[in-house]
Structure formats: structure tokens, C-alpha cells
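Read through the structure below, which is laid out as C-alpha cells, and then see the notes.
Throughout, protein chains are lettered first and strands after them, A, B, ... in sequence-line order, and every chain is numbered starting at 1.
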Number of protein chains: 2
Amino acid sequence: MYNAINSNGNGERGQHWEAQLRKGCLEMAILASLWQSRLYGLEVLRALSEKSQLEIAEGTLYPILSRLKAEGLLQSEWVEAEAGHPRKYYWLTPAGRRRAREMAEAWTAFSTNLSALMQPILGVKQR
Amino acid sequence: MYNAINSNGNGERGQHWEAQLRKGCLEMAILASLWQSRLYGLEVLRALSEKSQLEIAEGTLYPILSRLKAEGLLQSEWVEAEAGHPRKYYWLTPAGRRRAREMAEAWTAFSTNLSALMQPILGVKQR
DNA sequence: GCATAATACATAGCATTACTATGTATAATG
DNA sequence: CATTATACATAGTAATGCTATGTATTATGC
């Protein structure tokens, strides 16, 4: 599985059609990354990268985390590490878990529909 | 198959998290709708709605078609209908076909990755 | 013939969301 | 102590739809 979506897409116009493809999915992806356990910022980045080859810049992540927290979907706390830097841990609130579920379901339907639309293109190529 | 994504999402903030989910996919979807045959504007809308439950407003469609044409991915021509209104037909240029393929492939990878991230959420719910 | 409705396309202002560049703070290392 | 690494934060900018509205042409009914 290769990393098809990163920040340096190679389209002609704007060079970023791939970036647009993933815009709007990031909140959902970030909520999902926190489903199974609480994580601190850079752990979220690593989880996304490892679990779904989704590379997000730090400057993108933190405003989103901040926004989700302001919305009551996440809670956070500062933890002084026994060794190393203090870290800000995030976890899903009950509202956050509900949102994550809603989004996961919507994503499933949406992606299935869109993939169906892509089939003729991929089918021709495979021939 | 129900229409999970339309313009009146029901989230709390901004009410539009679902709209964001599909932003960025529309160019690809529109290019895909033209893969098998040329269509005029409202036919594109209907094709998207019928093939993938994707509802786009006319005001959204035409700027995108215009943009794709400016970019050399589409070509268009006015056709006087034998009965009814004149219509502007669109079809993919060779560059447009290449773009559609690239996007379809990127989409496949991207959506597979993201769906993997969603599995724990959906798995828990199904239990 | 005229007014209204339907069809088809177009556009401008606005809202939203990342991306990019840059910065602050703290701990670790040489 | 200076530099590097880790961790978090933010402001300006770019891109893309959404919403509201408008223009143009054809069809319909009175």
C-alpha cells in the first residue's frame, strides 16, 4: 500500500487536487484515531500515518484538535512526562464518540457510492 | 442505499460536516460522470444523483465545469435541441481522461486507507 | 399574443477548511 | 551554554463549495 495522498500532489493547476480530495475528511480521521485510546498530538500524527498513510502537518493538526475541543467532542489535559517534554493528551467525549460513529457511517455510504462511480474508469484500465 | 450525504447535514456546529466530507471529491465525481459519454449540465447532475446519490446544486456544478474546461480537462459545445432548450454538452479531453484515471486510483487508495481507520468504530457498533 | 412556468446555464459573495510559514516553550545533548 | 529535538500554537493565504440570485430560451395555457 503506497501513500497516494500527501501534501505535495502533482497536478498541474494548483498542484493540489489530491489535497482537496482529503480536505473535509481530517476531522473524522482525527476523531477516529482517538477511538481506541487517548493520545497526545504527535501520537495522533503517527497513528494517522501508520494506520492510514495519512500525512498531516502539525500546523494542520493543532487547529483541528483545538476546534474539536471547543466543540465539546474532545477533552484534553497536560501531562508532565517522567522523561521528556510535557504533552497534551486528548480523548473523545461521549459527544465525540457519537460524532465519530455518525461520521464513520456517513463515510461508509459516501465512499461506497463514490467508488461505484469510479468503477468504469478503473475497469477500463484493468483490461 | 440511502442518501447519506446531501447539502443539509445535521451536525451541530455549522451543520455541514457532511458537506465538508464531500468537498474535494466533486471534480473527480464530475469527471467520472463523463467517462462513458458526453453529457450536458443537467444530465451530469442526474447522473451523479442516480449513480452515486451525490446531490449537487446547479450553482455548484457550473463553476466546476467551467474550471475543468479552463484547465483543458473538458471540452464543450452548444447544441440546439430539435425540441426544447439549447444545451451545452461536455466531454473529456485526453488530458481529462488521464486526470480521471489518476484521481480514480488515488481515490481507491485513499478510501481504502480511511475505511481501515473507521473499522474499529463500526466494529464496536455492530457488536 | 402575453404571462407564467420550466429548462438550462451562469455568477458573485460568503463560509469553511486546510496548507504554509513561522513562532514559542521545554527538555535533551554535546 | 549553544544547539537540536520535541511538542504545541497561530496567522495569513489559497482553494472549493454553498447560497442566493440572475439571465436566457423554450413550452404552455389563457
Side-chain angles (χ1 to χ4, degrees), chain A residues 5-9 11-31 39-46 48 54-71 74 76-90 103, chain B residues 5-9 11-31 39-46 48 54-71 74 76-90 103:
Chain A
I5 307 285
N6 56 35
S7 300
N8 50 347
E12 299 102 21
R13 177 208 37 116
Q15 313 276 36
H16 296 302
W17 62 262
E18 287 163 322
Q20 298 307 323
L21 201 49
R22 63 188 209 155
K23 239 180 188 182
C25 295
L26 296 186
E27 282 192 6
M28 177 180 73
I30 289 168
L31 288 177
L39 304 170
Y40 68 91
L42 294 190
E43 276 183 329
V44 171
L45 284 192
R46 287 197 291 267
L48 292 177
L54 197 49
E55 307 288 339
I56 317 189
E58 289 155 36
T60 299
L61 177 69
Y62 291 105
I64 296 181
L65 286 172
S66 186
R67 202 163 72 213
L68 292 172
K69 185 180 174 187
E71 227 182 307
L74 296 185
S76 67
E77 73 171 352
W78 280 102
V79 174
E80 297 293 335
E82 293 184 358
H85 300 264
R87 293 157 172 171
K88 193 168 183 179
Y89 278 83
Y90 299 86
M103 283 180 159
Chain B
I5 306 284
N6 55 34
S7 300
N8 49 348
E12 298 103 23
R13 177 208 39 117
Q15 313 276 39
H16 297 299
W17 62 263
E18 286 163 324
Q20 298 306 324
L21 200 49
R22 62 188 213 156
K23 230 179 189 182
C25 296
L26 296 186
E27 281 193 9
M28 176 181 76
I30 289 168
L31 288 177
L39 305 169
Y40 69 91
L42 294 189
E43 276 183 328
V44 170
L45 283 192
R46 288 197 291 267
L48 292 177
L54 197 48
E55 308 287 337
I56 318 188
E58 290 154 39
T60 299
L61 177 70
Y62 291 105
I64 296 182
L65 286 172
S66 185
R67 204 163 69 214
L68 292 173
K69 186 180 173 186
E71 227 181 307
L74 296 185
S76 66
E77 73 172 351
W78 278 104
V79 175
E80 297 293 333
E82 293 185 356
H85 301 266
R87 293 157 173 171
K88 191 168 185 180
Y89 279 84
Y90 298 87
M103 283 181 158

Checklist outcome for this item: A:I56 atom CD1 is separated from D:dC8 atom C1', nearest whole Å, by 15 Å
Next on the checklist: Can you tell me if A:R87 touches the phosphate of C:dT26, counting only side-chain N or O atoms and a distance under 4.0 Å to OP1 or OP2?
Outcome noted: no
Next on the checklist: I need the CH2-C1' distance between A:W17 and D:dA14, as an integer number of Å.
Outcome noted: 18 Å
Checklist entry - So, is A:R67 near the phosphate of C:dA18, with a side-chain N or O under 4.0 Å from OP1 or OP2? => result yes
Checklist outcome for this item: Comparing B:A83 with A:G41, nearest DNA chain D nucleotide closer to 5' gives the residue A:G41
Checklist entry - B:W78 has an atom CH2; how far is it from atom P of D:dT23, in whole Å? => result 16 Å
Next on the checklist: Would you say that A:P86 contacts A:V79 through its side chain, given a criterion of any heavy-atom pair below 4.5 Å between the two side chains?
Outcome noted: no
Checklist entry - Reckon A:L65 touches a base, only the sugar-phosphate, or nothing at all at heavy-atom distances under 4.0 Å? => result nothing
Next on the checklist: With nearest nucleotide decided by heavy atoms, which residue, B:T60 or B:Y40, maps closer to the 5′ end of DNA chain C?
Outcome noted: B:Y40
Item to check | Phosphate OP1/OP2 of D:dT16: any B:R22 side-chain N/O under 4.0 Å | outcome: no
Checklist entry - When we call it a touch if two heavy atoms are under 4.0 Å apart, what does B:G84 touch: a base, just sugar-phosphate, or nothing? => result sugar-phosphate
Checklist outcome for this item: Of C:dT11, D:dA9, C:dT26, the nucleotide closest to the side chain of A:Y90 is D:dA9
Checklist entry - Taking atom C1' of D:dA15 as reference, at what distance in whole Å does atom CD of B:Q20 sit? => result 12 Å
Next on the checklist: What contact category does A:A81 fall into here, base, sugar-phosphate, or nothing, at under 4.0 angstrom with non-hydrogen atoms?
Outcome noted: nothing
Checklist entry - Taking the side chain from B:Q20 and the backbone from B:W17, do they hold a donor-acceptor pair closer than 3.5 Å? => result no
Checklist outcome for this item: To the nearest angstrom, the CD-C1' distance between A:E58 and D:dT6 comes to 9 Å
Item to check | A:L31 and A:M103, any side-chain heavy atoms less than 4.5 Å apart | outcome: yes
Next on the checklist: Does B:Y89 reach a base, just sugar-phosphate, or nothing at all? Heavy atoms under 4.0 Å.
Outcome noted: nothing
Next on the checklist: Whole angstroms only, please: what is the CG-C1' distance between A:L42 and D:dA7?
Outcome noted: 5 Å
Checklist entry - Hey, is the side chain of A:K23 poking within less than 4.0 Å of OP1 or OP2 on D:dA14, counting only N and O atoms? => result no
Checklist entry - Side-chain contact, heavy-atom cut-off 4.5 Å: A:L42 with A:R87? => result no
Item to check | Gap between atoms CG and C1', on A:L61 and D:dA9 respectively (whole Å) | outcome: 11 Å
Checklist outcome for this item: 5'-most contact on DNA chain C (nearest-nucleotide basis), B:P63 vs B:P86, goes to B:P86
Item to check | B:I64 CD1 - D:dA15 C1' separation (whole Å) | outcome: 12 Å
Checklist entry - Any Lys/Arg nitrogen of A:R67 or A:E27 sitting under 4.0 Å from an Asp/Glu carboxylate oxygen of the other? => result yes
